[in-house]
**Student:** 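Structure below; questions to follow.
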Amino acid sequence: MLSLNKRLFIYGDSMQKVILRAGICAILCILQSTQLAQAAWFSATGQAVVINGDRNGARQEATEEAIKQALLFAGASVRSVQQMTNGLLMNDHLEIRATGEVNTIQLIDEVYQDGIVSVSIRADIFAQETSCSAADYTKKLSTTYFPIRFAAQASDGQVQDLGKVSALKFKEMMDKVTQSMTVSHIEPYVFEWQKADISLQAQSLANKTNTQYVIILVIDDISVQRFSASAFNPFQGSSSVRSFNFTLSLINGATGQSLYSQQYESITPWTYEFNKTVDVASQAFWSSQYGNNLRKILQKSILDLEEFAICQPTMGRVLAVANNQLQINLGRSHQVQTGDQLTLFNVRQVTDTFGQQYRQFELHPTTLIVRQVYSDTATVEAIDGSLLGNVQPNDYVSRQ
């Protein structure tokens, strides 16, 4: 039977705009004899506040949240787009990574009460095996407060702290929507990555925070366009719109190699007057149209990043060598277990005759096995008992 002893993720923030008291339960488990696999019907309820009488928007948001809750509880990570017609879920388009699959989604109920819509759905979810062993380990990431590329743009609304607050919100959301990655450390300062040697700075940050990967998120544009009463305004009922464009990159802190980069763009009604100071850390801001859109686009970037990084090798460093055993900086918090097998290697910088530098990975011929696991470290040794010659601290181990 499908185990229900999984963590229940509460997706999104506890705020007025989206109320996510999703009640999730498995109501039927089906054993598919041909594939010896597990499938189950999951029911979930999502809620959203109806803002300015927009029932369609609230209904869609509540439905999306219910679907995401069911999928996350079942162990899948999902990006979903739904089109609603006359209260029915139509033309479902679901993109799910290899750990899960949805056969059917049904709309069960839709209730409006006190300005809140509650949408209940039922989903037939088929859980698959993890597609790569690297997905078993939690990847730890570090970052800084997100820099705003053009600081002058923050003067409209005095939102200079938007980069700091967005970084904290990014970490909070990642912890809720995925177990495969976590932002374990945020350096409490703004670093202008666009003006730095990214490779060297990322390696320095990774070493300082004992993380494998570094997140670089640069806020490229938060400019405001204001419209006069007589000007054409594509956003009915709004006097201004504001961008939130950013670039998200993933750097391997061990090698300084850039692994992933993606740009995101959005434009949303901005309902604040020019001379009003906006508290970007407040619940009111994150409940506004702009704050809610910001949350959604950050959420999308996290799911995109997870889809890319899920099967990236999880790497750790050798901390000490003694008695033919190695102490490594991967442990229980990374989901390491006794008996896991790891690859040992080191990374060298090679310079050619033209002065160009290359990374050279030298693999050790012996596979390692985990013998003891602690909170953030583990003890490993050669699986065949052979001597581990020429191994030094700061060499690497990897789960492929």
Side-chain angles (χ1 to χ4, degrees), residues 75 98-99 128-142 178-182 184-185 199-200 202-214 250-260 306 308-351 357-400:
T99 53
Q128 298 178 340
E129 295 293 331
T130 302
S131 58
C132 57
S133 59
D136 296 338
Y137 284 1
T138 299
K139 296 174 175 62
K140 292 193 174 184
L141 302 87
S142 57
T178 175
Q179 287 183 310
S180 67
M181 301 184 302
T182 180
S184 62
H185 195 90
S199 177
L200 291 178
Q203 290 180 80
S204 176
L205 179 58
N207 289 334
K208 179 180 179 180
T209 57
N210 196 28
T211 54
Q212 177 184 349
Y213 294 104
V214 172
L250 182 69
I251 309 296
N252 188 331
T255 65
Q257 181 184 8
S258 178
L259 302 174
Y260 171 88
E306 182 191 30
F308 168 81
I310 186 69
C311 287
Q312 288 292 309
T314 300
M315 297 169 57
R317 288 188 297 111
V318 175
L319 301 176
V321 182
N323 301 321
N324 207 41
Q325 290 185 326
L326 312 179
Q327 301 297 319
I328 63 173
N329 68 340
L330 298 177
R332 194 173 297 112
S333 65
H334 301 83
Q335 312 303 320
V336 175
Q337 298 183 19
T338 302
D340 287 351
Q341 296 183 18
L342 305 174
T343 300
L344 176 64
F345 66 98
N346 59 47
V347 182
R348 302 185 186 278
Q349 295 287 346
V350 178
T351 305
Q357 290 190 333
Y358 299 89
R359 298 178 186 88
Q360 178 176 300
F361 295 82
E362 298 181 354
L363 304 183
H364 197 281
T366 302
T367 300
L368 303 179
I369 187 170
V370 177
R371 293 303 187 192
Q372 291 182 297
V373 182
Y374 308 96
S375 177
D376 293 303
T377 62
T379 301
V380 301
E381 62 185 19
I383 194 170
D384 58 4
S386 62
L387 292 176
L388 297 173
N390 300 320
V391 180
Q392 301 177 357
N394 291 323
D395 283 350
Y396 293 96
V397 295
S398 176
R399 178 75 178 270
Q400 301 293 332

**Student:** Can you confirm whether Asp384 is buried at CG, in the sense that more than 12 heavy atoms of other residues, nucleotides or ligands lie under 6.0 Å from that atom?
**Tutor:** yes

**Student:** Taking C-beta and beyond as the side chain, do Leu259 and Ile251 meet within less than 4.5 Å on heavy atoms?
**Tutor:**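 No. Closest side-chain heavy atoms not under 4.5 Å.
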
**Student:** Just verifying a value: how many Å separate Phe308 CZ and Tyr260 OH, rounded to the nearest 0.5 Å?
**Tutor:** 8.0 Å

**Student:** Can you give me the closest heavy-atom contact between Leu205 and Ser142, atom names plus distance?
**Tutor:**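 Heavy-atom minimum between the residues: CG-OG, 3.7 Å.
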
**Student:** Quick one: does Gln312's side chain get under 4.5 Å of Tyr213's, heavy atoms only?
**Tutor:**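 Yes, side chains in contact.
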
**Student:** Please check if the side chain of Asn207 supplies one atom and the backbone of Ser204 the other of a donor-acceptor pair under 3.5 Å.
**Tutor:** no

**Student:** Calculate, to the nearest 0.5 Å, the distance between atoms CD and OG1 belonging to Gln212 and Thr314 respectively.
**Tutor:**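 Answer rounded to 0.5 Å: 5.5 Å.
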
**Student:** Does Gln372 reach the side chain of Thr338, with side-chain heavy atoms less than 4.5 Å apart?
**Tutor:**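 No, side chains not in contact.
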
**Student:** Identify the two heavy atoms, one from Ser333 and one from Asp376, that lie closest to each other, and give their separation to 0.1 Å.
**Tutor:**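 So the two residues come closest at OG-OD1, 2.6 Å.
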
**Student:** Measure across Ser398 and Pro313 and return the closest heavy-atom pair with its distance rounded to 0.1 Å.
**Tutor:**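 Minimum heavy-atom contact is OG-CB, 3.4 Å.
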
**Student:** Heavy atoms, side chains only, cut-off 4.5 Å: are Ile383 and Gln341 in contact?
**Tutor:**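 Sidechains of Gln341 and Ile383: in contact.
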
**Student:** When Asn329 is tested against each of Arg317, Lys140, Met315, His334 for side chain to side chain contact (heavy atoms under 4.5 Å, CB included), which residue passes?
**Tutor:** Arg317

**Student:** May I ask you to test the Ile328-Thr377 pair for a side-chain heavy-atom distance under 4.5 Å?
**Tutor:**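 No - every pair of side-chain heavy atoms lies 4.5 Å or more apart.
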
**Student:** side-chain hydrogen bond (donor to acceptor under 3.5 Å, both in side chains), that's the test. Do Thr379 and Gln325 meet it? Break it down for me.
**Tutor:** CA-CA 7 Å; Thr379 301; Gln325 290 185 326; 5.3 Å; no

**Student:** Does a side chain donor of either Ser184 or Thr182 reach within less than 3.5 Å of an acceptor in the other side chain?
**Tutor:**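 Judged by distance alone, the side chains do not pair up.
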
**Student:** For a 4.5 angstrom cut-off between non-hydrogen side-chain atoms, does Leu388 reach Leu326?
**Tutor:** yes

**Student:** So, taking the atom named CG in Leu368 and the one named CG in Leu342, what distance separates them when rounded to the nearest 0.5 Å?
**Tutor:** 6.0 Å

**Student:** Looking at NZ of Lys139 and CD1 of Ile310, how far apart are the two atoms once the value is rounded to the nearest 0.5 Å?
**Tutor:**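 Going from NZ on Lys139 over to CD1 on Ile310, the span is 5.5 Å.
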
**Student:** Side chains of Leu141 and Leu250: closer than 4.5 Å at any heavy-atom pair?
**Tutor:** yes

**Student:** What closest approach, in Å, do Thr178 and Glu306 show between heavy atoms, and which atom pair accounts for it?
**Tutor:**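 Scanning both residues completely, I find the closest heavy atoms to be OG1-OE2, 2.5 Å.
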
**Student:** On a heavy-atom basis, which atom in Asp340 and which in Tyr137 lie closest, and how many Å separate them?
**Tutor:**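 It is OD2-OH, 2.5 Å.
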
**Student:** What distance separates Asn324 CG from Glu381 CD, expressed to the nearest 0.5 Å?
**Tutor:** 7.5 Å

**Student:** Any non-hydrogen side-chain atom of Leu344 less than 4.5 Å from a side-chain atom of Val391?
**Tutor:** yes

**Student:** Closest heavy-atom contact between Ala254 and Gln203?
**Tutor:**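 The answer is O-OE1, 3.6 Å.
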
